[in-house]
Every structure is written in structure tokens, then in C-alpha cells.
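First up is the structure itself, then whatever we jot down about it.
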Amino acid sequence: MSENKTQDTTIGLNQLGWDEFFEGEFSPLRDQGLIPGRIVRETHHLYDVHTASGRHPAQISGLFHYRAAVRADYPTIGDWVAMFESGGTFVIEKVLARKSAFSRKTAGREIDEQIIAANIDILFIVNALDGGRNFNLRGIERYIAMAAEGGARPVIVLNKSDLCPDREQALAGAVICGDVPVHLVSALTGEGLDELIEDCGAATVALTGPSGVGKSALINALLGEERIRTGAQRQTDLRGRHTTTHKELFFLRGGLMLIDTPGLRELGLWADKDDIDSAFTDISELAMGCRFKDCSHQGEPGCAVQKALAEGRIDRGRYENYLTMKGEISFLNSKADVRSRLERKVKEKRLSKIIKQFYI
Ligand SMILES: Nc1nc2c(ncn2[C@@H]2O[C@H](COP(=O)(O)OP(=O)(O)OP(=O)(O)O)[C@@H](O)[C@H]2O)c(=O)[nH]1
Ligand SMILES: [Mg+2]
Ligand SMILES: [Zn+2]
């Protein structure tokens, strides 16, 4: 479980992303004798936590289980936790407030938030240019809305450029998603990798995207060693086989951390209306010109969105995806408890913006 233990002992809390925000959250707990650490590996409810003294396996206390009401209350990769040590075992007592979280609605019919990674600054949305179904603009739009909801900066990463005959066309095709940066890279040849991380600075980056696009291969290539097992593809449809089954955080250099996550089969929205608007700024800006303030853009008179659609100024697939996602949001909002949790997140987001203004 802790194969990196000796190697990572030199990493201090600051290099793990500890700052004034977490210090403020943690100081009352320090007086109670608790120890801070960051979750660097998560497999179901088994964790590895990195503290100032190195990497340790950790578990959740009975009291924690008792108090946890919803799935999002449990620690996840990237979380900062407060622990006590008892006979060499680290026990998690509390999860510190999250600055950001990339979440989805849990798969299936249940309506609950599942946090994919916490306290991340940047989200690499990875797709692959292998000619299969691993490049999907509608999926990318969905991930962008989710990044907006979680408070992380999205970056589109198109991997397997070595398999793509027309790079220019691939790049142009992905620019449709507004001002989100697009990088063409190859984990195999190393193309574009330096540029990809050039501007990241000291940050926590989560890699997400469908199975088989090369998230783990990219992390291996960036680390310069084969630390993670990567998978073979099914030849029939070029889709992945869900090789990665746990989440893990890797240290690159100078405070840059990469989180590997398993590919997602389903990405149910966990977001609010504003998040969709920020992922579709072209449509939401047009919508300001609609005659009715509550225009649904589905046939009302004086609709600026319909007009742009008819004139070919917006893509039909993109417009339809926008409507689908708005519909999902209305459904989520119709569930009162979900609404209250999303409202709480909006407040937290505002708080984190204020914190960033003052401290960063
Ligand atoms: N040609 C080529 N193959 C690649 C590249 N990156 C990854 N692959 C191959 O794609 C397959 C899937 O890579 P993984 O890194 O396991 O994909 P993943 O996104 O981590 O998949 P999950 O863990 O299942 O979510 C492997 O066979 C890799 O060798 C690339 O840049 N070029
Ligand atoms: Mg993987
Ligand atoms: Zn309209």
C-alpha cells in the first residue's frame, strides 16, 4: 500500500498544498492533539495519508462513521484530514473544509453527490485521438460544466496525438468549448507534455475522462517512470477496460501534484444553472438578447439563440447538449435536499473566492 513511503518523506506540508486556509481550519484541532495530513490514495474506505512525517495507511474512526450523513461527508482523494495516532495506527477524525471539489451525481438512480477529487486547482479533461469514441465534444462540455461547479480550472487534453493524422483539424474541433485551453499531447512520444504542465505552477491537478484515453499513461510519462499500470484496449471499439480502480496522488516537482482517477462510465451532472451558463458562455451571452427573460430557447418568439442557430452561428449538437444539461439541472433542483446542498456549495464557492483574493 505504501510503496512510496521512504521516497516521499521529504515532502513538507506546504509542498502538499497546505496554506493559510487549511491552517485556519485546523488550528483549533491542533490544540486537541490532532495531526493534519492529505489523502494521497483512496480505495473504497481505505486510505493512505501524507503527513509532515511521511506517508501512512489510515482508517476512519467509529465516531466518523456515526456522524457521516451523506457520501460527500467521507474523505476522498485530495482531502485534508485531522487524525490521531494510536499505537502506530492513524485514525481519521475529521475532514477539513474543501476549497474545491470535482463531483458527479452518483451513478444509477440514486440522487447523491459523489466527490471524485477534492481541493483541486486544475482539471485535465482527457480525451484521445485514436479514432474511436474517445473523442467526444459533448462529453467534454459536460466535464467543463462540472469543473465550473467544483471551482477548478478546466484544461482539455487530447492524448494519443501520435495516432492522429490531422492535428490541426483535431485542435480546431476542440476549440468550440469557448476559452478553455486545448493541448495536443502523446504519452507515447512525449509530444506536448512540457507545454501542458508549463503554466500549472504549484497546483493539484486531477486527470479525468473515459477509460482508455491514457490518463495513467500520461502520469507515467510526466513522472518519467512506469509507476502506474496501464491497460490494453478492446480492439472492437477502442474503448478502455477500466484498468485503474483506485485514486492516487503523485508528486511531480515544485508542488505540482497529479491525481489519477478511474475512467467514468457515467457523468451525471452535479451542478447548478450558473455552472451550465459558464460552460456555454456563447449561448448564455446570446440568451441575454432573447425577448423573454425566462426564454427556454425552444421556439419562443424573439429568441436570439434560435436565430443564431438558424444562421449557423452556433453548432446544433452543442445547443442540444446545452438543453439536455439544463433539463438535468431542473430535475436535480426539483429535489429539495439536493437543492439545499447545492446552495451550500455556492456559498462555499463564494467563500473560497474571497479567500483566494486575500491569500493567493
Ligand atoms: N498510441 C498511444 N497509445 C497510448 C497513449 N497513451 C496511452 N496509450 C495506450 O492506451 C491504453 C490505455 O491507457 P491507460 O493509461 O491505461 O488509460 P486510462 O485513461 O488510465 O484508463 P482507465 O484507468 O481504465 O480509466 C494503453 O494501452 C496505453 O498504452 C498515447 O499517447 N499513444
Ligand atoms: Mg488509468
Ligand atoms: Zn431564447
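In listed order, ligands and their atoms are each counted from 1. In this chain, residues are counted from 1 in sequence order.
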Would you call the rings of His50 and Phe251 parallel, tilted or perpendicular, taking 30° and 60° as the class edges? perpendicular
Could you label the plane-to-plane angle of the Tyr322 and His297 rings as parallel, tilted or perpendicular, counting under 30° as parallel and over 60° as perpendicular? tilted
Any donor-acceptor N or O pair under 3.5 Å, side chains Thr324, Glu328: no
For the residue pair Leu158 and Val185, establish whether any side-chain heavy-atom pair is separated by less than 4.5 Å. no
Heavy-atom distance under 4.5 Å between the side chains of Asn321 and Phe280, does that happen here? yes
Quick one: does [X] get an N or O within less than 3.5 Å of an N or O on ligand 1?
X: Lys215; value: yes
X: Pro262; value: no
X: Val185; value: no
X: Asp260; value: no

At the Zn ion (ligand 3), what's the angle from Cys303 SG to Cys290 SG, rounded to 10 degrees? 110°
Atom name of the N, O or S atom in His297 that lies nearest to the Zn ion (ligand 3): ND1
Using the Mg ion (ligand 2) as the vertex, how large is the angle between OG1 of Thr244 and OG of Ser216, rounded to 10 degrees? 90°
Residue-level breakdown please: for Leu218 versus ligand 1, do any non-hydrogen atoms fall below 4.0 Å on the side chain, on the backbone, on both, or on neither? neither
Show me which atoms of ligand 1 lie under 4.0 Å from any heavy atom of [X].
X: Ala217; value: 6 (N), 7 (C), 15 (O)
X: Ser211; value: 21 (O), 22 (P), 24 (O), 25 (O)
X: Ser186; value: 31 (O)

Less than 4.0 angstrom from a charged side-chain N to a carboxylate O is my criterion; do Asp121 and Lys99 meet it? no
Answer yes or no: is there an ion pair linking Arg318 with Glu141, defined by an N-O contact shorter than 4.0 Å? yes
Would you indicate which of [options] comes nearest to [atom] when only heavy atoms are counted?
atom: atom 12 (C) of ligand 1; options: Gly263, Gly231, Ala187; value: Gly231
atom: atom 6 (N) of ligand 1; options: Asn159, Thr230, Asp162; value: Asn159
atom: atom 13 (O) of ligand 1; options: Ser161, Ala128, Ser216, Gly214; value: Gly214

Rounded to the nearest 0.5 Å, what separates atom CD in Glu25 from atom NZ in Lys94? 6.5 Å
Tell me whether Lys326 at atom NZ has more than 12 heavy atoms from other residues, nucleotides or ligands lying less than 6.0 Å away. yes
